[in-house]
Participant: 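Please see the structure below; I have some questions.
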Amino acid sequence: MMKIHIKKRKHGLLGTRHTKELVSLLTPGDILLTRQNWTATNLNIPGFWKHMSMYLGSGEYLREVHDLSGYKDDEHYIIEAIGKGVQIIPLSALTGHNDYLATIRPRFSNEKKNRAIKKAISRNHGTYDYSFNFYSDVNLVCSTLVTKSYLMEYDGDEGIHITLKRI
């Protein structure tokens with residue numbers, strides 16, 4: 001369904017101007033919520049916000065702090081899980097095809113944010129979970145990639161705690 005578009009528009013309402021403004025506001029580890037008005041997935045995913053990703057920082061930041069190479073120093077990147085799987089893409093690609101964007105800044109220490117980023121990056125090239133099995137870590141959807149990166153890792157660790165219930 002995510003490939004079915006209600007309009008023939010090839011881009012979202014957000015663009016380059018918004019990307020530049022975002023870069024001045026975002027910090028690594030921020031959570032991005034987005035929505036495309038014109039995709040058919042709006043019909044079967046509840047709520048207004050349909051997609052979640054994590055801001056990773058600039059290519060220079062990824063190289064210096066997370067020892068990742070192959071990214072342009074002055075480009076800014078996010079990590080997301082979509083039908084193609086988990087991938088690191090330029091922030092401009094995310095803003096270029098969305099109509100709305102909101103940011104959540106986790107109130108965790110920089111150490112926790114860096115661990116969450118490392119956890120998300122370790123899942124790069126992972127597969128997408130078309131069955132939406134939130135109990136599994138083998139395949140991921142956009143929200144599980146981000147939320148599981150911020151889970152508490154040990155007693156006393158800061159982070160989120162999610163209790164899943166079968167319905």
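The figures here come from the full heavy-atom set of this structure, side chains too, leaving out hydrogens, waters and symmetry mates. Source: prediction; values computed, not measured.
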Participant: Show your working on ring-ring contact (aromatic ring centres under 6.0 Å, His included) between Tyr128 and Tyr130 and close with a plain yes or no.
Facilitator: CA-CA 6 Å; Tyr128 190 75; Tyr130 287 100; 4.9 Å; yes
Participant: Please report the closest heavy-atom contact between Met54 and Tyr150, naming both atoms and the distance.
Facilitator: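 Closest approach of Met54 to Tyr150: CE-CE1, 3.7 Å.
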Participant: Does Lys84 reach the main-chain N or O of Ala81 with its side chain, forming a donor-acceptor pair under 3.5 Å?
Facilitator: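 No, Lys84 side chain to Ala81 backbone: no donor-acceptor pair under 3.5 Å.
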Participant: Verify the cluster assignment for Ile162 and Val146: are they in a single hydrophobic cluster under the rule of side-chain heavy atoms below 4.5 Å apart?
Facilitator: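 They do share one cluster, since a chain of ILVMFWY contacts under 4.5 Å joins Ile162 to Val146.
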Participant: Do the side-chain N and O atoms of Ser58 and Glu75 include a donor-acceptor pair separated by under 3.5 angstrom?
Facilitator: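 Checked: Ser58/Glu75 side chains show no N/O donor-acceptor pair below 3.5 Å.
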Participant: Which pair of heavy atoms, one from Leu94 and one from Ile89, lies closest together, and at what distance?
Facilitator: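 Residues Leu94 and Ile89, closest heavy atoms: N-CD1, 4.2 Å.
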Participant: Using the test side-chain hydrogen bond (donor to acceptor under 3.5 Å, both in side chains), find all partners of Asp137 that sit at least two apart in sequence or belong to another chain.
Facilitator: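 Once residues adjacent in sequence are excluded, the partners of Asp137 under the side-chain hydrogen bond (donor to acceptor under 3.5 Å, both in side chains) criterion are Lys148.
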Participant: Does the side chain of Ser53 pick up a donor-acceptor pair with the side chain of His51 at under 3.5 Å?
Facilitator: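 Their side chains do not contain a donor-acceptor pair, so the 3.5 Å distance test is not met.
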Participant: Quick check against the 3.5 Å criterion: does Ser136 have a side-chain atom that pairs as donor or acceptor with the backbone of Asn133?
Facilitator: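 No.
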Participant: Looking just at side-chain N and O atoms, do Ser131 and Asp129 make a donor-acceptor pair shorter than 3.5 Å?
Facilitator: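 The answer is yes; a qualifying pair exists.
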Participant: Can you measure from CD1 (Ile31) to OG1 (Thr147) and round to the nearest 0.5 angstrom?
Facilitator: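 The distance works out to 8.5 Å.
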Participant: First locate atom OG1 of Thr34, then atom CD1 of Ile78, and finally report the distance between them rounded to the nearest 0.5 Å.
Facilitator: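 Spacing of OG1 (Thr34) from CD1 (Ile78) equals 7.5 Å.
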Participant: Determine yes or no for a side-chain-to-main-chain donor-acceptor pair under 3.5 angstrom, with Asn114 supplying the side chain and Glu111 the backbone.
Facilitator: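 Such a contact is absent between Asn114 side chain and Glu111 backbone.
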Participant: Verify, without hydrogens or angle tests, whether Glu158 (side chain) and Ser109 (backbone) share a donor-acceptor contact under 3.5 angstrom.
Facilitator: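 Checking the backbone N and O of Ser109 against the side chain of Glu158, a donor-acceptor pair under 3.5 Å is found.
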Participant: Under the criterion ring-ring contact (aromatic ring centres under 6.0 Å, His included), I'd like the reasoning laid out for His66 against Tyr61: C-alpha separation, chi angles, the key distance, then a yes or no.
Facilitator: CA-CA 7 Å; His66 295 285; Tyr61 173 84; 5.4 Å; yes
Participant: Which residues satisfy the side-chain hydrogen bond (donor to acceptor under 3.5 Å, both in side chains) test with Arg123, sequence neighbours excluded?
Facilitator: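 side-chain hydrogen bond (donor to acceptor under 3.5 Å, both in side chains) check on Arg123 returns nothing, list empty.
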Participant: Does a salt bridge link Asp99 with Arg35, judged by any charged N lying under 4.0 Å from a carboxylate O?
Facilitator: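 Between Arg35 and Asp99 there is no salt bridge, as every charged N stays at least 4.0 Å from the carboxylate O atoms.
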Participant: Does Leu151 belong to the same Ile/Leu/Val/Met/Phe/Trp/Tyr cluster as Ile104, with side-chain heavy atoms less than 4.5 Å apart forming each link?
Facilitator: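 In one cluster with Leu151: Ile104, yes.
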Participant: What about Phe132 and Tyr135, same hydrophobic cluster or not, with Ile/Leu/Val/Met/Phe/Trp/Tyr joined at side-chain heavy-atom distances under 4.5 Å?
Facilitator: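 In one cluster with Phe132: Tyr135, yes.
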Participant: Can Lys112 and Glu153 be counted as an ion pair, charged N to O under 4.0 angstrom?
Facilitator: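 Between Glu153 and Lys112 there is a salt bridge, with a charged N closer than 4.0 Å to a carboxylate O.
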Participant: Using only atom types and a distance under 3.5 Å, with no angle test, would you say the side chain of Lys72 pairs donor to acceptor with the backbone of Gly59?
Facilitator: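 Not at all, since once roles are kept as given, no pair shorter than 3.5 Å links the two residues.
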Participant: Mind checking what makes ring pair (Phe, Tyr, Trp, His ring centres under 6.0 Å) contact with Phe48, not counting sequence neighbours?
Facilitator: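 Tyr100.
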Participant: Checking Thr144 side chain against Leu140 main chain: does a donor-acceptor pair fall under 3.5 Å?
Facilitator: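 Absent.
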